[in-house]
There are 2 protein chains.
Amino acid sequence: MAATDKALAGLRQMIASGELGPGAKFPPEPELCDHLGVSRSSLREAARSLAALGVIESRHGSGTYVSALDPAEIISRFSLSVQLIPLEGVLQLLEVRRVLESHATAAAAARQDPDLESRLSDILDRLEATEDASEIQNLDAEFHDTICTAGGNPTVTALTGVIRGRGGHYRIFEPGADFDAIKQTSDRGHRAILAAIANRDPAAASTAASAHIAQTELWLRALRPEPQPTPPAD
Amino acid sequence: MAATDKALAGLRQMIASGELGPGAKFPPEPELCDHLGVSRSSLREAARSLAALGVIESRHGSGTYVSALDPAEIISRFSLSVQLIPLEGVLQLLEVRRVLESHATAAAAARQDPDLESRLSDILDRLEATEDASEIQNLDAEFHDTICTAGGNPTVTALTGVIRGRGGHYRIFEPGADFDAIKQTSDRGHRAILAAIANRDPAAASTAASAHIAQTELWLRALRPEPQPTPPAD
DNA sequence: TGACCGCAAGTGGTCTGAGGACTTACGCTG
DNA sequence: CAGCGTAAGTCCTCAGACCACTTGCGGTCA
């Protein structure tokens with residue numbers, strides 16, 4: 001087995017076996033090298049791999065630690081790779097988002113959180129008042145994120161958030177062309193979701209969320225012929 | 001900015017900008033070091049990070065390449081980290097699986113693939129005939145995977161697969177205790193899903209899949225008090 | 001002519017050693 | 001007792017060398 005793979009397996013095993021739980025500190029690098037039988041370079045490359053996946057964290061001057069192993073945090077690590085996925089793949093991801101967010105929105109409607117309606121309404125008021133592309137994106141994200149959080153499953157919130165972040169790179173809301181029509185359709189979709197939540201109607205909420213995201217899918221699908229439709233600048 | 005972060009950003013940018021598309025080859029490491037202004041160690045650690053996320057691939061003796069950037073492949077990379085998530089987080093993930101697989105199962109029922117029913121039936125025949133824990137796990141995975149694939153969204157298949165792989169580490173089907181009762185309940189659940197698909201009834205399929213996975217969630221939830229319920233042995 | 005073999009150039013993989021940068025905690029000082 | 005400085009501990013970065021693998025070219029043999 002290659003040195004880096006050996007180190008990777010060793011580090012992973014230390015966590016999997018329960019020897020080190022969430023937040024626990026690893027031995028210093030030289031000691032780990034000795035224990036795993038690899039050089040420091042190989043150990044460090046293995047550690048980088050696990051750090052990229054959100055499994056461990058290296059703190060300069062302090063040490064290397066097992067992360068919290070929280071699914072929402074781990075899923076957030078997807079963001080870097082998901083943002084590089086081409087449009088065709090983004091459409092597959094949007095179906096995932098549609099299904100999950102539809103579910104979360106129904107759950108939020110069923111929860112009957114008294115504050116939720118007013119908080120969402122505030123966000124929509126601000127959203128409808130602006131025409132700035134990046135502010136639209138931020139408020140849209142805040143709206144959907146608030147609903148998903150109310151849905152009660154942080155993993156779903158994280159997953160939908162990552163996917164939404166990718167879709168946002170395709171700037172649908174750039175001024176020009178069909179900006180007004182698109183904006184109005186989007187705003188109506190948000191109001192429909194809010195109404196369903198205010199009515200404590202999970203089925204309606206699910207349908208409204210599903211329809212809203214399906215609309216986004218249609219807009220993106222229209223871009224499909226383009227080979228490079230606004231690659232993620234970041 | 002730290003050296004490794006600089007290298008990471010640089011490599012990522014080469015892909016994000018469209019300079020290098022899926023499958024493209026990076027310049028040799030020494031050239032990249034010069035271009036990015038970092039040492040080879042730092043460059044390699046950055047490359048390891050991206051490789052862990054499924055964004056690039058290094059082939060010994062050949063070169064470093066941009067991956068296919070296929071969402072299903074990228075999601076598979078998370079298997080390593082997901083398998084380390086503690087039970088509490090697995091329950092959140094199972095809700096994701098329940099929602100997604102319920103959706104995919106409905107889609108499979110709607111698709112009317114003529115071969116699907118017989119293939120699934122074969123798998124269930126074999127599944128019902130065995131009592132070997134690891135074979136049960138394999139056949140169960142094959143059953144659900146076949147359905148998800150028929151659902152038509154490879155990303156959904158990959159995502160549910162990763163989550164199922166995690167749940168499998170909690171060996172529900174170990175002989176002893178309630179083995180027979182659990183096995184029978186599970187088998188009945190599979191047959192209900194198959195029946196709904198055979199009837200081309202998406203709503204029934206969705207419900208059956210949802211109920212089947214919800215049952216798994218209940219079994220796992222029963223383990224919750226345990227601090228370390230059979231950690232992933234690998 | 002064609003297929004096969006071997007060699008050499010190109011490239012990533014690994015190791016070693018050294019010095020720098022940051023965090024942390026101890027002990028000293030006021 | 002509070003504040004500060006210092007030293008130990010730890011990760012970060014760099015440099016250079018050598019090894020292992022892939023690839024393609026060119027020669028050789030059937």
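Chain naming here is simple, since letters A, B, ... match the order of the sequence lines and numbering starts at 1 in each.
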Q) So which pairs with a foot in residues 147-160 of chain A pass side-chain hydrogen bond (donor to acceptor under 3.5 Å, both in side chains), sequence neighbours left out? A) A:Asn153-B:Glu95, A:Thr155-B:Gln92
Q. Hey, can you pull the residues of residues 44-52 of chain A with a non-hydrogen atom under 4.0 angstrom from DNA chain D?
A. A:Arg44, A:Arg48
Q: Please collect all ring-ring contact (aromatic ring centres under 6.0 Å, His included) contacts where either partner lies in residues 22-72 of chain B, sequence neighbours excluded, each pair once.
A: none
Quiz: residues 116-126 of chain A side-chain donor-acceptor pairs under 3.5 angstrom, not counting sequence neighbours:
residue, atom, partner, partner atom, Å
A:Ser118, OG, A:Asp115, O, 3.0
A:Asp125, OD1, A:Arg191, NH2, 2.9

Q | Terminal contacting nucleotides, 5' and 3', DNA chain C versus chain B (heavy atom, 4.0 Å) | A | C:dG10 to C:dT14
Q) Rounded to the nearest Å, what distance is computed from the CG atom of residue A:Leu32 to the C1' atom of nucleotide D:dC11? A) 12 Å
Q: For D:dC12, take OP1 and OP2 only and decide whether either is under 4.0 Å from a side-chain N or O of B:Thr4.
A: no
Q) Listed by chain and number, what are the side-chain contact (heavy atoms from CB on, under 4.5 Å) partners of A:Asp5, not counting sequence neighbours? A) A:Met1, A:Ala2
For residues 66-75 of chain A, dump all side-chain donor-acceptor pairs below 3.5 Å to protein atoms at least two apart in sequence or in another chain.
residue, atom, partner, partner atom, Å
A:Ser67, OG, A:Gly54, O, 2.8
A:Ser67, OG, A:Val55, O, 3.2
A:Ser67, OG, A:Leu69, N, 3.0
A:Asp70, OD2, A:Ala72, N, 3.4
A:Asp70, OD2, A:Glu73, N, 3.3

Q: With sequence neighbours left out, write down each residue that passes side chain to side chain donor-acceptor pair (under 3.5 Å) with B:Ser102, or none if nothing qualifies.
A: B:Ser206
Q.
Show me the pairs that pass ring-ring contact (aromatic ring centres under 6.0 Å, His included) and involve residues 73-97 of chain B, at least two apart or across chains.
A. A:Phe78-B:Phe78
Q: Please check if the distance between the ring centroids of B:His103 and A:His103 is under 6.0 Å.
A: no
Q | side-chain contact (heavy atoms from CB on, under 4.5 Å) partners for A:Ala3, two or more places apart | A | A:Val38, A:Ser42
Q: Quick one, give me the B/S/- string for nucleotides 15-26 of chain D, reading 5' to 3', where B means a protein heavy atom under 4.0 Å from the base and S means that only happens at the primed atoms, P, OP1 or OP2.
A: --B--BBBS---
Q: Taking side-chain contact (heavy atoms from CB on, under 4.5 Å) as the test, write out the residues that go with B:Pro27, two or more places apart.
A: B:Met14, B:Glu31, B:Leu32
